[in-house]
Each structure stands twice: as structure tokens, then as C-alpha cells.
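Please read these numbers as outputs of a predicted model, since none were measured by experiment. Counting from 1, the numbers follow the sequence of the chain as shown. As a basis for the values below, the full set of heavy atoms in this structure was taken, side chains included, without hydrogen atoms, waters or symmetry mates.
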Amino acid sequence: MARKTKATDRPIDKANSAETRGAAGELHQTASADVETLTTSQGAPVADDQNTLRHGARGPALMEDFHFREKIFHFDHERIPERVVHARGYAAHGYFELTKSLSDVTRADVFQRVDERTPAFVRFSTVAGAKGSFDLARDVRGFAVKIYTTEGNWDLVGNNIPVFFIQDAIKFPDLVHSVKEAPDRAFPQAQSAHDNFWDFISLTPESFHMIMWTMSDRAIPRSYRFMEGFGVHTFRFLDANDRSTFVKFHWKPKLGLQSVAWNEAVKINGADPDFHRRDLWDAISQGDFPEWELGVQLFDEAFAEKFAFDVLDPTKIIPEEEVPVRIVGRLVLDRVVDNFFAETEQVAFMTQNVPPGIDFSNDPLLQGRNFSYLDTQLKRLGGPNFTHIPINTPKCPMAHFQQDGHMAMRNPKGRANYEPNSWGPEGGPREDPVRGFRSFAASDEGPKVRLRPESFADHYSQARQFYISQTPVEQKHIGDALVFELSKCEREDIRARVVSHLIHIDKGLAATVADGLGLDVPKPAKAAAKVVDLPPSDALSILKNGPDSFEGRKLGVLLTDGADADLFTALKTAVAKEKAVLEVVAPKIAGVTLSDGTHVPAQQKIDGGPSVLFDAVAVIASKDGAALLAGDAAAKDFVTDAFAHCKFIGYSAEAAVLFDKTGLADDLDEACVPLKAKADAATFLKACRALRHWPREAGVDLDAKG
């Protein structure tokens with residue numbers, strides 16, 4: 001990019017203080033008389049542990065940065081054999097289909113021919129937990145897509161959140177160390193609600209935009225099928241003449257956005273820790289193939305120069321109102337894996353895997369990821385030949401002089417294993433300057449420095465934009481999440497320090513969190529740049545981008561012996577018309593016998609199929625069956641949890657006794673739908689399209705009442 005280093009982008013004067021701040025506001029904790037000096041593993045004192053060495057403040061990372069190389073190298077090799085991050089994952093096969101050609105902006109072959117399908121493999125994951133952790137941790141979700149193009153594998157290694165916690169890859173080991181279990185006690189697992197994480201966050205103001213996302217319901221998605229995916233970074237498209245266009249990638253779910261409630265997530269993790277895995281497996285196995293649209297935001301240097309924020313900053317978005325998302329393709333998952341280990345566990349994603357026509361920007365986090373991922377695969381998969389594993393093997397022809405090594409499955413044939421050589425056609429492959437990968441010929445200026453550019457310094461404006469873009473219900477959930485997380489911190493100074501940052505995002509939010517923690521609102525943290533009021537963006541809200549149908553969702557029906565057969569049949573028909581799934585929950589797993597003598601098998605036993613597993617519920621019972629349920633704690637939990645989680649509830653007249661026994665009889669609202677006749681089933685399913693009846697939350701939540 002053409003933006004030049006400013007005079008204010010100067011090296012940091014650390015003086016002799018214990019804490020100083022750099023140009024972008026990052027906190028430096030410097031050595032003092034009673035604190036030892038940070039060094040490399042070779043003993044060399046470290047002057048700056050916050051920034052990679054770059055050619056100019058906004059230029060590319062330099063390979064000579066031995067401190068970053070050593071730090072990230074060691075971090076990449078900390079765990080064997082599971083991934084350090086994204087260890088708990090689940091994957092499926094599918095295809096990418098182009099719906100609109102991008103030949104005007106890129107020569108990437110995958111974007112040339114409309115209606116062409118290209119094989120793909122997608123792995124979803126949590127970030128912080130180990131392989132054996134549960135699915136519904138409050139966490140970022142990995143959304144990694146491998147597309148097997150005719151010109152090599154393209155790995156779009158993204159997340160379900162479009163920004164990241166840090167601006168520079170040198171801080172990645174610190175971020176992950178802080179959120180993982182503490183090294184002395186090895187807990188908590190798959191949780192960010194502890195002192196180490198919030199200590200790091202409170203000292204790293206660049207993280208607060210991401211914090212707004214992770215404290216929102218985006219971090220507890222209902223299903224992989226109902227969440228967005230983002231490439232996070234700014235990339236480049238290059239056309240046949242190497243003309244550059246900046247691009248940001250978006251995956252938008254066909255079935256709309258949806259998350260669970262926090263109390264629901266806690267209970268789902270107990271009832272079914274494999275909730276997301278099971279959902280994806282079942283959907284594909286039943287032929288309900290998950291689908292996302294691929295959208296791109298395209299912009300040029302002129303836009304990048306005038307945009308209020310730096311497009312190289314991975315903690316920032318470009319609002320869709322400023323650069324609309326252009327839909328160009330779709331991703332469909334239509335086949336489960338044959339073997340979890342061989343495919344899901346051994347798949348290797350690397351951000352540097354791009355075909356000709358796609359190139360990188362100088363985003364310092366992306367530059368570091370490109371450098372790091374090869375080390376990760378070498379450590380995890382045992383050697384340099386991990387591309388010989390079928391799931392990682394390109395589906396296009398390959399020709400090179402790489403040979404031997406651990407577990408080599410194929411080697412070049414013939415005498416020549418080097419180039420240039422003079423053996424003619426038998427001498428092996430040669431370069432192709434026309435078809436081959438070419439990098440954008442960027443012109444970067446500036447001294448060699450460890451420095452964040454001043455254009456990275458605004459840490460709060462977009463965090464505020466995200467918050468004010470949420471509906472009141474979503475804003476409440478963010479406040480609740482922050483109070484919960486910080487209440488698990490033992491140190492009050494960490495809690496107060498976090499609140500001091502929240503003041504810059506929203507004073508009401510800061511006051512709510514302080515009150516929830518029993519704190520006085522502290523003085524605001526020092527901001528490195530003036531906070532700017534940005535307009536709200538509807539694209540940032542889940543509830544403003546939810547579904548308009550019950551398609552792909554699941555209705556749980558609590559049945560008893562003698563239940564009305566006609567009513568149950570009508571409910572099944574209505575569910576099928578909505579393209580949803582119905583599961584029967586019964587007192588016994590063998591099932592029930594309906595009023596007409598029909599036997600209906602159950603998918604869940606009542607104490608193993610709580611209402612948290614379903615998007616909406618219904619209770620259809622006989623008089624005797626309802627009396628039986630009214631004396632069962634699990635059955636009472638089934639309706640009280642559904643009510644507390646603001647779900648739609650359908651019920652037959654006989655089932656009313658269950659609501660009496662739970663104390664809910666006087667609280668039933670319009671989202672509790674009596675099923676008196678067969679026609680009521682369709683009415684109930686139509687109401688379920690809203691997924692939640694949020695007005696109810698004010699009556700069932702202490703924080704909402706307060």
C-alpha cells in the first residue's frame with residue numbers, strides 16, 4: 001500500500017519505568033531492579049516482545065527476526081500429538097460451486113467458470129479446549145476450508161468471528177498461553193473465565209473489539225450450520241496483468257444465524273458434550289446438506305487510503321455498509337468422513353496455501369501465520385511429507401524434485417532430481433512464468449523497526465460500533481457474559497482494569513458490569529487514540545440476521561402412552577413441511593403407544609433428552625401420562641428449562657397439569673401454544689420460526705429484572 005510511515009511512528013522510549021506504552025497503545029512491562037530481563041532461549045536480552053521486525057511500520061515481516069522465529073517455533077512444538085489450538089474439531093467433505101465469475105479481478109482458476117464444482121473439505125473447531133473438551137465452550141470457532149483447485153490447494157483458514165485478539169503474530173503464544181489451563185494447576189479447561197486470560201486482555205487494549213464478539217452470543221453458536229465464517233485478514237486478488245484488488249472473504253449460512261443461551265450451553269455440555277459434532281453428522285447423514293454462500297468485499301488502494309481504519313489491522317472490520325459483500329459462490333457439505341483420524345485429525349491447513357491469482361497483504365498477523373503453520377504440520381504429522389496423506393494431497397497434477405524424508409509415499413522418477421538440468425523432456429518439470437504463482441510487486445519503504453503503526457492505535461471505536469449494533473437482548477447477553485467471566489477472576493484489580501476499558505466502549509455497559517461485580521466504576525483506561533462514534537451496522541447482529549423459517553431446526557416432543565395420535569401425526573406433518581427434524585422424548589427409550597394403538601419409538605429417554613437439546617418443544621400426553629410426568633423431576637425440568645430459555649412450547653390440554661406442578665401455569669405467554677386440534681400443529685410450527693420469545697427473558701432472569 002502507498003501509506004507511508006509517519007513521523008509519529010517512532011521507536012518506543014522505554015526509559016526506566018516498569019510500564020510504558022507503544023504508539024498503538026500496547027502495554028510494555030519493562031525490566032526493573034526487582035524484575036528479571038526477558039531473553040531468548042539463547043540468553044540474548046529482548047528489547048521488544050510486542051512487535052515483529054518489519055520493513056517500515058506497515059511493511060512486510062523480515063525473515064531475520066530471530067526472536068519471533070524462535071518464539072513461534074517453540075510455541076508450535078509445545079504439544080504432541082494434538083493441535084496446540086483448534087484441537088477439538090469436526091469436519092466433512094463437500095464442494096465449492098462458483099455462481100458468479102471473478103475473472104475481472106483474479107486469474108485464480110477456481111473463480112473463472114460459473115457452475116463449476118470444486119472438491120472441498122471443511123473443519124470446524126473450538127480454539128482453547130483440548131481434543132476431549134466439550135463442544136459448547138464460550139470460544140471462537142475455527143472455520144477452515146480446503147478447496148482442491150486445479151492449481152493446487154487453497155486453504156482459507158478462518159474463524160466464525162471476523163477479527164482477532166492481537167495485531168501482531170509475535171503475541172500469539174502469549175494470547176494462547178493466557179487462555180489455556182494454567183501451567184501449575186492444569187485448569188480451567190476450555191474456558192476463558194479465569195485470571196490469566198483477563199489479565200492479558202486487560203493489558204492488551206487491542207483485544208477489546210474481539211472481546212465484544214466473544215462475549216456476545218457469537219461465541220456459543222447453536223450449530224456449525226448456523227454460524228458465519230470469515231477469512232479475517234485482508235488478502236489480494238491478482239488478475240492476468242497482476243493488477244491488485246484487496247479482498248476480504250465471508251461465508252454466510254443459508255439457514256441464517258442462531259446461537260444458544262449461556263445457561264443452555266452449560267446444560268448442553270453436560271447432556272451432550274458432542275452436541276455440535278452430532279448435529280453436523282446427523283444433518284449430512286439425513287440429506288440436509290449444510291450450505292454457505294461465499295461473499296467477497298472488494299476494494300482498491302484508493303479506498304484503503306481513505307478508510308477510517310487500517311485494512312492491514314486484523315482487529316478491524318470493513319462494515320458491509322461501506323463495502324457490500326458480493327455473493328460469488330456456495331459451499332455445500334454433502335459427505336461425512338470415512339475415518340476421523342485419517343481425515344479430520346490429519347488434515348493440515350496452512351494460510352500460505354493459495355493458488356495463483358490470490359496473494360497476501362502485509363497484515364502482520366497473516367505474515368506470521370504464513371511463517372508458522374509449516375512448523376506446526378511438521379511437528380504434528382511427523383515429517384515433511386504430510387502432503388502425501390490423502391486428505392492433504394492436491395487433486396491436480398504435481399511435479400517437483402522433493403524426495404525422500406520420513407514416510408515418503410512417492411518420489412520423482414528418473415535420473416534428474418535437480419534443476420536446472422540438461423536432460424531434456426526426461427529432466428523433469430520446469431518453471432512456468434505465465435501460469436505460475438506471482439506475488440504482487442509491492443513497493444514498501446521505511447527503516448527496519450519493531451513498531452506498530454499509528455494507524456493501528458484505535459482499539460475502541462469498532463468495539464463500540466459492534467456493541468451499539470446489537471439488539472437490547474444481545475447487549476444484555478454481552479453484559480451478562482462479562483460479569484460471569486470476570487466473577488471467576490480472583491483478583492479484583494484485574495476485574496477493575498477490564499471495566500476501565502469498557503468505559504470507552506459504552507458507559508452503560510461499564511456501569512452494568514461494575515454493578516454486577518460489586519465494583520465502583522473505575523477511571524477510564526488511557527486510550528491511545530480518540531474514540532470515534534461510528535454508525536451501527538445491522539450485519540453485526542445475530543438476531544437481525546436470523547432465519548425466517550424453522551428449517552434445519554429440531555423439535556423435541558415429550559410423549560406418553562395414550563397420547564393423542566392425530567395430534568402427534570399432525571405435528572410430524574407440520575415439522576416435515578418446515579424441513580425440520582422431530583425427536584420423540586419418552587419415559588422409556590422403548591417408546592410409547594398412542595391413543596390409536598400405534599407404537600412410536602423414542603430417540604431420547606426423558607432424563608437423557610432435556611429440552612436444551614431442541615430448538616422448540618411440545619408435550620403431548622394422556623391424562624395418566626401427564627400425571628406420571630408431573631411427579632418426575634426430569635420432566636419438570638424439561639418444561640421449566642424450555643420456558644427459562646425463551647423457547648416456544650406446544651402442549652396438549654392434558655399436559656397442563658405439568659405446568660401446574662412446575663409453577664408455570666400463571667406465567668404462560670403467547671409463545672406457549674395450546675394444541676387443541678390438528679390444525680394447531682401448523683400454527684405452532686409457524687410461530688417456532690422466531691426461535692425464541694425474548695420478551696419472556698425479563699421475567700425469568702435476575703439480571704434482566706435488575
Side-chain angles (χ1 to χ4, degrees), residues 12-32 34-38 46-52 67-68 71 75 128 140 163-183 188 191-215 313-315 364-365 450-452 456-463 482 485-505 509-510 513-514 517 519 521-529 531:
I12 296 163
D13 180 9
K14 301 205 174 186
N16 295 311
S17 64
E19 294 184 350
T20 58
R21 289 185 183 271
E26 72 275 11
L27 190 66
H28 294 255
Q29 296 180 315
T30 62
S32 60
D34 58 344
V35 178
E36 60 184 344
T37 298
L38 179 70
V46 173
D48 186 342
D49 191 43
Q50 312 304 313
N51 305 283
T52 51
H67 171 50
F68 167 69
K71 184 176 181 180
F75 173 73
V140 187
V163 292
F164 206 62
F165 290 103
I166 52 174
Q167 295 173 328
D168 193 304
I170 201 171
K171 300 308 297 173
F172 194 70
D174 300 303
L175 167 67
V176 175
H177 285 171
S178 76
V179 76
K180 285 279 193 176
E181 62 271 19
Q191 298 178 64
S192 57
H194 56 89
D195 288 83
N196 279 9
F197 176 72
W198 286 102
D199 183 41
F200 175 82
I201 292 300
S202 67
L203 298 171
T204 313
E206 69 204 54
S207 298
F208 273 85
H209 187 194
M210 182 72 159
I211 285 296
M212 289 296 101
W213 286 80
T214 55
M215 293 300 106
D313 182 350
T315 68
L365 182 60
R450 293 186 184 274
L451 184 67
R452 304 281 174 87
F456 279 34
D458 184 347
H459 303 316
Y460 304 114
S461 295
Q462 285 204 353
L482 284 162
E485 295 266 323
L486 294 171
S487 72
K488 299 297 182 179
C489 293
E490 298 175 7
R491 285 174 46 186
E492 184 175 324
D493 63 313
I494 293 175
R495 300 178 210 149
R497 204 183 309 140
V498 173
V499 175
S500 74
H501 292 285
L502 298 178
I503 296 169
H504 295 300
I505 297 170
L509 174 63
V513 175
L517 296 171
L519 292 174
V521 178
K523 293 181 179 179
K526 183 179 179 181
V531 181

*Asks:* Where do Ala510 and Val499 come nearest, in terms of heavy atoms and distance?
*Replies:*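 It is O-CG1, 3.8 Å.
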*Asks:* Going by heavy atoms in the side chains, are Phe165 and Met210 under 4.5 Å from each other?
*Replies:*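 They are in side-chain contact.
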*Asks:* The criterion is side-chain hydrogen bond (donor to acceptor under 3.5 Å, both in side chains); which residues satisfy it with Ser500, sequence neighbours excluded?
*Replies:*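 Residues passing side-chain hydrogen bond (donor to acceptor under 3.5 Å, both in side chains) with Ser500: none at all.
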*Asks:* For Ala457 and Ala528, which heavy atoms make the closest approach, and how far apart are they?
*Replies:* O-CB, 3.8 Å
*Asks:* Nearest 0.5 Å, what's the CG-CZ distance between Asp313 and Phe164?
*Replies:* 13.0 Å
*Asks:* Ignoring hydrogens, what is the shortest heavy-atom contact between Pro205 and His501? Give both atom names and the distance.
*Replies:* CB-CE1, 3.9 Å
*Asks:* Rounded to the nearest 0.5 Å, what separation is found between the OG1 atom of Thr214 and the CD1 atom of Ile201?
*Replies:*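 If we round to the nearest 0.5 Å, Thr214:OG1 and Ile201:CD1 are 7.5 Å apart.
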*Asks:* Report yes or no: does Asp168 contribute a side-chain atom to a donor-acceptor pair with the main-chain N or O of Pro364 at less than 3.5 Å?
*Replies:* no
*Asks:* How close do Ala182 and Asn196 get, counting heavy atoms only, and between which atoms?
*Replies:* CB-ND2, 4.1 Å
*Asks:* How far apart are the C-alpha atoms of Leu482 and Leu509, what are their side-chain angles, what is the distance that settles it, and do they pass the side chain to side chain contact (heavy atoms under 4.5 Å, CB included) test?
*Replies:* CA-CA 10 Å; Leu482 284 162; Leu509 174 63; 4.1 Å; yes
*Asks:* Sequence neighbours excluded, which residues qualify as side-chain hydrogen bond (donor to acceptor under 3.5 Å, both in side chains) partners of Glu485?
*Replies:* Ser192, Trp198
*Asks:* Would a distance-only check, ignoring hydrogens and angles, find a side-chain to backbone donor-acceptor pair under 3.5 Å from Ser202 to Asp199?
*Replies:*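 Answer holds: yes.
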*Asks:* Listed by chain and number, what are the side chain to side chain contact (heavy atoms under 4.5 Å, CB included) partners of Asp174, not counting sequence neighbours?
*Replies:*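 Asp174 satisfies side chain to side chain contact (heavy atoms under 4.5 Å, CB included) with Asp49, Lys71, Lys171, Phe200 once adjacent residues are dropped.
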*Asks:* Who are the ring-ring contact (aromatic ring centres under 6.0 Å, His included) partners of His194, not counting sequence neighbours?
*Replies:*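 Per chain and number, His194 pairs via ring-ring contact (aromatic ring centres under 6.0 Å, His included) with no residue.
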*Asks:* Determine yes or no for a side-chain-to-main-chain donor-acceptor pair under 3.5 angstrom, with His459 supplying the side chain and Phe208 the backbone.
*Replies:* no
*Asks:* Are any non-hydrogen side-chain atoms of Leu517 and Glu492 less than 4.5 angstrom apart?
*Replies:* no
*Asks:* When rounded to the nearest 0.5 angstrom, what distance separates OG1 in Thr204 from CD in Gln50?
*Replies:* 7.5 Å
*Asks:* Checking Asp195 now: which residues fulfil salt bridge (charged side-chain N to carboxylate O under 4.0 Å, His left out) with it, not counting sequence neighbours?
*Replies:* none
*Asks:* Within the structure provided, determine whether Glu206 and Ile166 are in side-chain contact (heavy-atom separation under 4.5 Å).
*Replies:*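 When only atoms from C-beta onward are counted, Ile166 and Glu206 do touch, with a gap below 4.5 Å.
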*Asks:* Roughly how far apart are Leu203 CG and Arg497 CZ, rounded to 0.5 Å?
*Replies:* 4.5 Å
*Asks:* Holding to side-chain hydrogen bond (donor to acceptor under 3.5 Å, both in side chains), I want the full list of residues that pass it with Ser207, two or more places apart in sequence or in another chain.
*Replies:* none
*Asks:* Heavy-atom distance under 4.5 Å between the side chains of His67 and Arg450, does that happen here?
*Replies:*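 With C-beta onward as the side chain, the pair touches.
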*Asks:* Determine whether Thr315 and Phe456 satisfy the following criterion, side chain to side chain contact (heavy atoms under 4.5 Å, CB included), listing intermediate values before the conclusion.
*Replies:* CA-CA 9 Å; Thr315 68; Phe456 279 34; over 6 Å; no
*Asks:* Can you tell me how far the CZ atom of Arg452 sits from the OG1 atom of Thr52, to the nearest 0.5 Å?
*Replies:* 8.0 Å
